[in-house]
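Reviewing the structure listed below.
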Amino acid sequence: MDDVILSAWHGGLGDSLQFSTLPEEFHKQQGRDTYILENAPFRNPEIYDLVWGENPYVKGKKSGTRNAGDIPEIPYQEWVAEGKGTGKAISNWELFHGLEPVNTYPKIYYEPEKHEGFDDAFIVDFSSISIGYDKNQLKNIFEDMKREYPDKKFLSVYFKNDLFVEKDVDNVRHNVYDIGFEGYVEIENIFKYCDLMSSAYGVLTLSSGASHLSSALQQYSPDLKSFCVMPEKWYNKHKKMGIFLFDNIQHLTY
């Protein structure tokens, strides 16, 4: 059979993670090798490094015509609306690519290192690209979380490096909401971010690649609590479209 040439249409972390189980299943179920399209978009090269560079079922990059990912041949939303899917975003992509659907969550193959000192902390990432947020609503939800977990610290992340190394990938804006936190943690790179999340008691994010990453990390840290804040209209839209909602994440809507 032909090699798989995979690419997401957009360059975000979550955009790649939604296809992260495909290379392994193509290998196991069809005996096919998977490559990432040579000019596939990535907002930051670390996204490639984590999702695909660490994936033992990805053979590298290859030029050609992509035949996997969110390709025109798969009218994903149409098929979901017609009830042809599984009800789960990850297994939908497997099914719609002609595979037996076996996975429920995105997958990474980098096993994070656990660090001491964060097991009583929530890691907070109030940044988002796809969705705009009401800052006052975020403050209300944040205060509710602190009341629910009075014995936990809430530490906000900030990134040492620019998240948008590839400036010409996607016409998007990185929205960051600083509502006043108890402390801040610098993130050196995406692998250190995985380490930090996996070392923490919980994660509190907006709808972003960080939320989707926390879903994948629970394969290594099954006790990790993950909360994702979303405007209700966007939550309902995602649910209707069958994308980017995982049942190992608790969604807080307003």
Q | Donor on one side chain, acceptor on other, Asp178 and Tyr184, under 3.5 Å | A | yes

Q. Would a distance-only check, ignoring hydrogens and angles, find a side-chain to backbone donor-acceptor pair under 3.5 Å from Asp195 to Pro112?
A. no

Q | Minimal non-hydrogen separation, Thr86 against Asn92, with atom names | A | N-OD1, 2.6 Å

Q) For Gln218, which residues count as a side chain to side chain donor-acceptor pair (under 3.5 Å) partner, sequence neighbours excluded? A) none

Q: Decide side-chain contact (heavy atoms from CB on, under 4.5 Å) for Met230 and Leu252; before the verdict, give the C-alpha distance in whole Å, the side-chain angles of both, and the deciding distance to 0.1 Å.
A: CA-CA 6 Å; Met230 293 183 74; Leu252 308 174; over 6 Å; no

Q.
I want to know whether Phe126 and Tyr133 have ring centres closer than 6.0 Å.
A. no

Q: First locate atom CD of Glu113, then atom SG of Cys194, and finally report the distance between them rounded to the nearest 0.5 Å.
A: 11.0 Å

Q. Quick one: are Cys228 and Phe246 in side-chain contact, heavy atoms under 4.5 Å?
A. no

Q: Give a yes or no on whether Lys107 atom NZ has more than 12 heavy-atom contacts from other residues, nucleotides or ligands under 6.0 Å away.
A: yes

Enumerate, atom names and distances included, each donor-acceptor pair closer than 3.5 Å involving a side-chain atom of residues 61-73, sequence neighbours excluded.
from: Lys62; atom 1: NZ; to: Asp3; atom 2: OD2; distance (Å): 2.7
from: Arg66; atom 1: NH1; to: Ser7; atom 2: O; distance (Å): 2.9
from: Arg66; atom 1: NH1; to: Asp70; atom 2: OD1; distance (Å): 3.4
from: Arg66; atom 1: NH2; to: Asp70; atom 2: O; distance (Å): 3.1
from: Asn67; atom 1: OD1; to: Ile5; atom 2: N; distance (Å): 2.8
from: Asn67; atom 1: ND2; to: Asp3; atom 2: O; distance (Å): 3.1
from: Asp70; atom 1: OD1; to: Trp9; atom 2: N; distance (Å): 2.9
from: Asp70; atom 1: OD2; to: Trp9; atom 2: N; distance (Å): 3.4

Q. Which heavy-atom pair separates Ile90 from Pro106 by the least distance, and what is that distance?
A. CG1-N, 3.7 Å

Q. Between atom OG of Ser199 and atom CG of Asp119, what is the distance when rounded to the nearest 0.5 Å?
A. 9.0 Å

(Q) Between Gln29 and Glu100 (side chain of the first, backbone of the second, donor and acceptor by atom type, cut-off under 3.5 Å), is there such a pair? (A) yes

Q. Looking only at atom types and distance, does a side-chain atom of Glu78 sit under 3.5 Å from a main-chain N or O of Pro75, one as donor and one as acceptor?
A. no

**Q.** Nearest heavy atoms of Ser214 and Ile249, plus distance in Å
**A.** OG-CD1, 3.8 Å

Q. Are the side chain of His27 and the backbone N or O of Pro23 linked by a donor-acceptor pair below 3.5 Å?
A. no

Q: Assess whether side-chain contact (heavy atoms from CB on, under 4.5 Å) is satisfied between Ile123 and Val157, documenting all intermediate values.
A: CA-CA 7 Å; Ile123 302 304; Val157 298; 3.4 Å; yes

Q) Do the side chain of Tyr254 and the main chain of Asp134 share a donor and acceptor less than 3.5 angstrom apart? A) yes

Q: Anything under 30° is parallel, anything over 60° is perpendicular, the rest tilted; go ahead and classify Phe244 against His238.
A: tilted

Q. So do the side chains of Tyr105 and Asn248 get within less than 4.5 Å of each other, counting heavy atoms only?
A. yes

(Q) Looking at Leu13, is its backbone amide N or carbonyl O close enough to the side chain of Arg43 to form a donor-acceptor pair, meaning the two atoms are under 3.5 Å apart? (A) no

Q: Decide yes or no for Leu213 and Thr205: does some side-chain heavy atom of the first lie under 4.5 Å from some side-chain heavy atom of the second?
A: no

Q: Flag yes if more than 12 heavy atoms outside Lys237 fall under 6.0 Å of its NZ atom; otherwise flag no.
A: no

Q. Going by heavy atoms in the side chains, are Leu196 and Val185 under 4.5 Å from each other?
A. yes

Q | Gap between atom CG of Leu217 and atom CD of Glu111 - 0.5 Å precision | A | 11.0 Å

Q) Is it the case that Lys152 places NZ or CZ above or below the six-membered ring of Tyr201, under 6.0 angstrom from the centre and within 45 degrees of the axis? A) yes

Q. From Asp247 CG over to Leu245 CG, what is the distance, rounded to the nearest 0.5 angstrom?
A. 10.0 Å

Q: Measure across Ile47 and Gly12 and return the closest heavy-atom pair with its distance rounded to 0.1 Å.
A: CD1-C, 3.8 Å

Q) Quick one: does Asn103's side chain have a donor or acceptor within less than 3.5 Å of a partner on Ser91's backbone? A) no

Q) Tyr193 versus Leu50: any side-chain heavy-atom pair under 4.5 Å? A) no

Q. Same hydrophobic cluster for Leu206 and Ile190, using side-chain heavy-atom links shorter than 4.5 Å among ILVMFWY?
A. no

Q: Report yes or no: does Glu94 contribute a side-chain atom to a donor-acceptor pair with the main-chain N or O of Val102 at less than 3.5 Å?
A: yes

Q) Do the non-hydrogen side-chain atoms of Ile36 and Tyr48 ever get within less than 4.5 Å of each other? A) yes

Q) When rounded to the nearest 0.5 angstrom, what distance separates NE2 in His212 from OG in Ser16? A) 11.5 Å

(Q) For Lys139, is there any backbone N or O sitting under 3.5 Å from a side-chain donor or acceptor partner on Tyr177? (A) no

Q: Determine the minimum heavy-atom distance between Lys225 and Phe122, stating which atoms define it.
A: O-CE2, 4.5 Å

Q: Kindly say whether the aromatic ring centers of Tyr57 and Phe26 come within a distance under 6.0 Å.
A: no

Q: May I ask whether Ile243 and Val229 are part of the same hydrophobic cluster, defined by side-chain heavy atoms of I, L, V, M, F, W, Y residues being less than 4.5 angstrom apart, directly or through others?
A: no

Q: Check step by step if ring pair (Phe, Tyr, Trp, His ring centres under 6.0 Å) holds for Phe181 and Phe154.
A: CA-CA 7 Å; Phe181 300 99; Phe154 288 81; 8.8 Å; no

Q) Quick one: does Phe118's side chain get under 4.5 Å of Leu155's, heavy atoms only? A) yes

(Q) If you define the side chain from C-beta out and look only at heavy atoms, does anything of Leu99 sit under 4.5 Å from Leu22? (A) yes

Q | Test log, rule side-chain contact (heavy atoms from CB on, under 4.5 Å), inputs Met145 and Leu204 | A | CA-CA 9 Å; Met145 285 290 294; Leu204 175 61; 4.3 Å; yes

Q) Would the number of heavy atoms belonging to other residues, nucleotides or ligands and lying under 6.0 Å from NZ of Lys114 be above 12? A) yes

**Q.** Asp49 versus Tyr110, side-chain donor and acceptor atoms under 3.5 Å
**A.** no

Q. In terms of hydrophobic clusters joined by side-chain contacts under 4.5 Å, are Ile131 and Val203 together?
A. no

Q) Side-chain heavy atoms under 4.5 angstrom apart, residues restricted to Ile, Leu, Val, Met, Phe, Trp, Tyr: same cluster for Leu6 and Tyr35? A) no

Q: Apply the test side-chain contact (heavy atoms from CB on, under 4.5 Å) to residues Phe159 and Asn189: give CA-CA distance (whole Å), side-chain angles for both, the deciding distance (0.1 Å), then the verdict.
A: CA-CA 8 Å; Phe159 298 90; Asn189 56 52; over 6 Å; no

Q.
Using every non-hydrogen atom in the two residues, find where Gly202 and Leu224 come nearest and quote the distance to one decimal.
A. CA-CD1, 3.9 Å

Q) How many angstroms lie between OH in Tyr158 and OG in Ser127, if you round to the nearest 0.5 Å? A) 14.5 Å

Q.
Between Glu54 (side chain only) and Tyr109 (backbone N and O only), is there a donor and an acceptor less than 3.5 Å apart?
A. no

